[in-house]
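Step one of this worksheet: look at the structure below.
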Amino acid sequence: MALKPVLGKLISKRVVLASASPRRQEILTNVGLRFEVVPSWFKETLEKSSFASPYEYAIETAKQKALEVANRMHVKHLRTPDIVIGADTIVTVDEQILEKPVDKQDAYRMLSRLSGKEHSVFTGVAIIHCSSKDNQLEMEVTDFYEETKVKFSDLSEELLWEYIHSGEPMDKAGGYGIQALGGMLVEYVHGDFLNVVGFPLNHFCKKLVELYYPPPKHSICHIKHDSVPPVDTFENLSDGENESSNFAEHKGANKLDNSRTHPSGPVYNSEDHYCVKTGFMVPLENTAKSLPTILELIDGFRASKALFVACKLKVFDHLKDKGSLNAVDVANEVGASLCGMERLLDACAALGLLEKTPQGYSNTDSANTYLTSDGKYSLHGYIIHSNEHLWPLFTNLEFAVKEGTRQNHRAFGKKTEDLFKDYYHSQEGKQRFMAAMHSIAHLTARDVATAFDLSQFKSACDLGGCTGALAHELVQIYPNLKITVFDLPEVIANTSYFQPSGQCTAPVTFISGDFFKDNLPEVDLYILSRVLHDWPDEKNHTLLSKIAAVCKPGSALLVAEIVLDEQKTHPPRALLQSLTMTEGKQRSGSEYKQLLEKYGFMNVQIKITENLLDALLCFRKSQSL
Ligand SMILES: O=c1[nH]cc([C@@H]2O[C@H](COP(=O)(O)OP(=O)(O)OP(=O)(O)O)[C@@H](O)[C@H]2O)c(=O)[nH]1
C-alpha cells in the first residue's frame, strides 16, 4: 500500500467526515486528507441487545451516522458529497458495551470496571460513496471494524477520582483518553493505537486500496441495502485501469438507492412515491412517476423567489449567530411587515433553509454556509444577481424564444452592445456581477484546482479570473505556483473587497487588460474559467489564437466550464443557462475537445466534477499551427 496514491484517490472528491470527534478530525487531517466536518445528528440509541456482537453495533451506528449526514446534505443542503465517513468507538468488558459516560458517576462505573483488566475497543467505520442521479441520492456503503485490546493497571480509588475530576473521561468511549492522561492507566495495547483514539487509520487505508485498486477479476456481492438486505450477485468489476474518478464502477459496497429514504428509515422502491397528504409511501402508476418532478417544476419559481427575497432582505444574515428569533424580531430588523415576514420564514423553513422550533426560527448549517453574505461558501452574490438580472430576463423568456435575441431591452429598458458593458454600466451593477462570479468561482475552485495534478506548472495566468477566487485556491494547493489574474481594468479596480484575509500563501498578482486585444503574459498554464461558453465563435477564435501564440510547447490550458453529455441533455442547469444566451453556447466534451484541438491544444483530458463547473486540461503541441 503506497501512502500517497491511496489518499490521492480522495483529493478531488468532496469528502465529509460525519463526526464531531476532534480526535477523528485530527487523525485524518494529520495524513493530509481534505474534508469538511458535518457532525451527525443520529442519536446513538440502537438497541444493543439486537446485535449478535458488539462490533456489529459499532458498525451499524457508524453507518447510521454517515447515512444521516449524506441524506441531510443531499436533501436540505442541496449538495451531494462524494464520500461520507462515519465512525463509532465503543469499549467492551465483561460482555458489556461502554460508550461515553453521561456523568462522573457513570465514568466511575466504567473505569472501575476496566481497572486491572483487559478490554476490547471496537471502532466501526462506514464509508459511503454518494452520487446523485436525477436529483435522487444513491449511496454505496462500505463498512468494517477494528478491534484493539487494552489492559489497564489496577486503579486506586484516589487515582480514579483524580482522573475523573480532570474532566478527560466525559466525551470518550469507556471513559478514558488513551492519547492523554488516560495513557497513564494503560499497561499494554495490542493492536492499532489510533483505533482506540477513535479512528483505525491503517484499516481505513487498506479499505481504500480494496475499493480503488480492486484485484483484476473477482465477483462481489451487490446488496440492495435494507434492514434485511436482499442479496443479488453481479460481476461488474473494473480492471483497475480506470481507477481514478469513478468509484461507482468498481467496488464491493452495499448500494442504497436512497431516493426515497428518510434518514435511518426504511428504503422504498423507486416505484413508490411519498404522498405528502397522507405521509405514506404509495405505489404509483408508471405515468404518474413523473408527477412529483412536474409539480416541483411548476412550483419551482415560487421557491426560487422566496429564497431570493429572503437573501435580499438579509434574513439569513440577521439570523446568523443569534440562536432562535421570532418573526417579530426578524420583521423589525429588516423593516418588513409581520404577516409578510411570518409567511416568508415559514416558507424558508418548509424549504429546509431555516429550522423552526417553538422558540422561533434559526439558520440551518447550509443557510450559514451558503446563504449569509459572509458564509464560508456564500452564494449570496449569485442569488442577488439571479434576482436582479436573471429573473427579469427569464420573465421575458417567451420573447427570447420567439425572437431568438437577448431580452435586455424588455427586461431593463435598454439595449446591450455586449455582455459586460451591460453589467458594468454602474458601480452597483459591476459589484453585483463580480459578487456573483466570485460566489461560483469560490464554490467550485477546489474541484477545479484539484481536477488534475497541476504541480508541474510554475506559473499560471487566469484570463478573466475576476476576483481571483480560483487563483487563491490554486496557490493554496500548489504553493510553488506563481499566478496572475488578468481581467478588465474596471474589474481589477474592484477586486480588493474579495481578497481572503489572513492567508499565508504566496500572493496572487492582478494585471489589467483586455484579453481580446492586449498582450498576454507568458506562463506555463493558462486558465479560462467560464469564458468560452459566453462568447461567439469569432471571439473565441481571437482569444484561443492569442493563447496558442504565446503558449510554449508543453505548456497547458485549463478550462473550467459545464461539460454537457454527448446527447446534450445533461446537466439541466447548463441547458437552462443557455435559454438566456444568444451569442455563446454550452458544449459537450467532444465539442470542447474539437475546439481546443483546432488551436493546437492536444491530449485533452476532461474531468466531470459534479460541482457547478467541470474541468478540461490540454497541452500545447510541439510544432506551431
Ligand atoms: O482513548 C480514547 N478513546 C475514545 C476516544 C473518543 O471517544 C469518542 C467515542 O465516541 P463516538 O464514537 O460516539 O464519537 P463522538 O465523539 O460522539 O463523535 P461522533 O460525532 O462521531 O459521534 C470519540 O470522540 C473518540 O475520539 C478518545 O478520544 N480516546
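All ligand and atom numbering here is 1-based and tracks the order in the structure.
- The Ala20 neighbourhood of ligand 1 comprises atoms 18 (O), 19 (P), 20 (O), 21 (O), with distances under 4.0 Å to a heavy atom of that residue.
- Ion pairing between a basic and an acidic side chain is recognised when a charged N comes within 4.0 Å of a carboxylate O; Glu118 and Lys151 show no such pairing.
- Classification of Asp171 and Arg23 as a salt-bridged pair holds, one side-chain N sitting under 4.0 Å from a carboxylate O.
- Contacts of Ser19 with ligand 1, taken as heavy-atom pairs under 4.0 Å, involve both backbone and side chain.
- Contacts between Glu99 and ligand 1, counted as non-hydrogen atom pairs separated by less than 4.0 Å, are absent for every part of the residue.
- Applying the 6.0 Å contact sphere to NZ of Lys207 captures more than 12 heavy atoms from other residues, nucleotides or ligands.
- Nearest protein heavy-atom neighbour of atom 24 (O) of ligand 1: Ser21 OG, 2.8 Å.
- Here the protein heavy atom with the shortest distance to atom 14 (O) of ligand 1 is Arg24 NH1, 3.0 Å.
- Judged as a ring-ring contact (aromatic ring centres under 6.0 Å, His included), and not counting sequence neighbours, His380 has no contacts.
- Of the polar atoms of Lys172, none of the N or O atoms is found under 3.5 Å from an N or O of ligand 1, judged by distance alone.
- Protein heavy atom at the shortest distance from atom 17 (O) of ligand 1 is Lys100 NZ, 2.3 Å.
- Counting the atoms of ligand 1 from 1 in the order shown, those under 4.0 Å from a heavy atom of Ile178 are 1 (O), 2 (C), 29 (N).
- Heavy-atom proximity to atom 6 (C) of ligand 1, evaluated over Gln25, Glu26, Arg23, Met170, is greatest for Arg23.
- Which parts of ligand 1 touch Gly177 is read off a 4.0 Å heavy-atom cut-off, strictly below it: atoms 1 (O), 2 (C), 29 (N).
- Between Lys376 and Glu36 no salt bridge is recorded (no basic side-chain N to carboxylate O distance below 4.0 Å).
- Using a 4.0 Å cut-off to heavy atoms of Ala173, the atoms of ligand 1 that qualify are 4 (C), 7 (O), 8 (C), 9 (C).
- Taking atom 8 (C) of ligand 1 as the reference point, the nearest protein heavy-atom neighbour is Asp171 O, 3.5 Å.
- The existence of a salt bridge linking Glu168 and Lys104 is excluded, since no basic side-chain nitrogen approaches an acidic carboxylate oxygen closer than 4.0 Å.
- The pair Lys607-Asp614 does not meet the salt-bridge criterion, since no charged nitrogen lies less than 4.0 angstrom from a carboxylate oxygen.
- Legend: residues meeting ring-ring contact (aromatic ring centres under 6.0 Å, His included) with Tyr163, ordered by chain and number and at least two apart, are absent.
- A salt bridge links Asp374 with Lys320; the closest basic N to acidic carboxylate O contact falls under 4.0 Å.
- The protein heavy-atom contact nearest to atom 3 (N) of ligand 1 is Val196 O, 2.9 Å.
- Under the 4.0 Å criterion applied to side-chain N and carboxylate O atoms, Glu68 and Arg72 are assigned as salt-bridge partners.
- Nearest protein heavy-atom neighbour of atom 29 (N) of ligand 1: Gln179 OE1, 2.9 Å.
- Distances between N or O atoms of Ser40 and those of ligand 1 include no value under 3.5 Å.
- Among protein heavy atoms, atom 5 (C) of ligand 1 sits closest to Val197 O, 3.6 Å.
- Close approach of ligand 1 to Lys65 is summarised as follows: ligand atoms under 4.0 Å from at least one heavy atom of the residue are 11 (P), 12 (O), 13 (O), 14 (O), 19 (P), 21 (O), 22 (O).
- In terms of protein heavy-atom proximity, atom 13 (O) of ligand 1 is nearest to Glu44 OE2, 3.0 Å.
- For the pair Glu44 and Lys100, the salt-bridge criterion is met [side-chain N within less than 4.0 Å of a carboxylate O].
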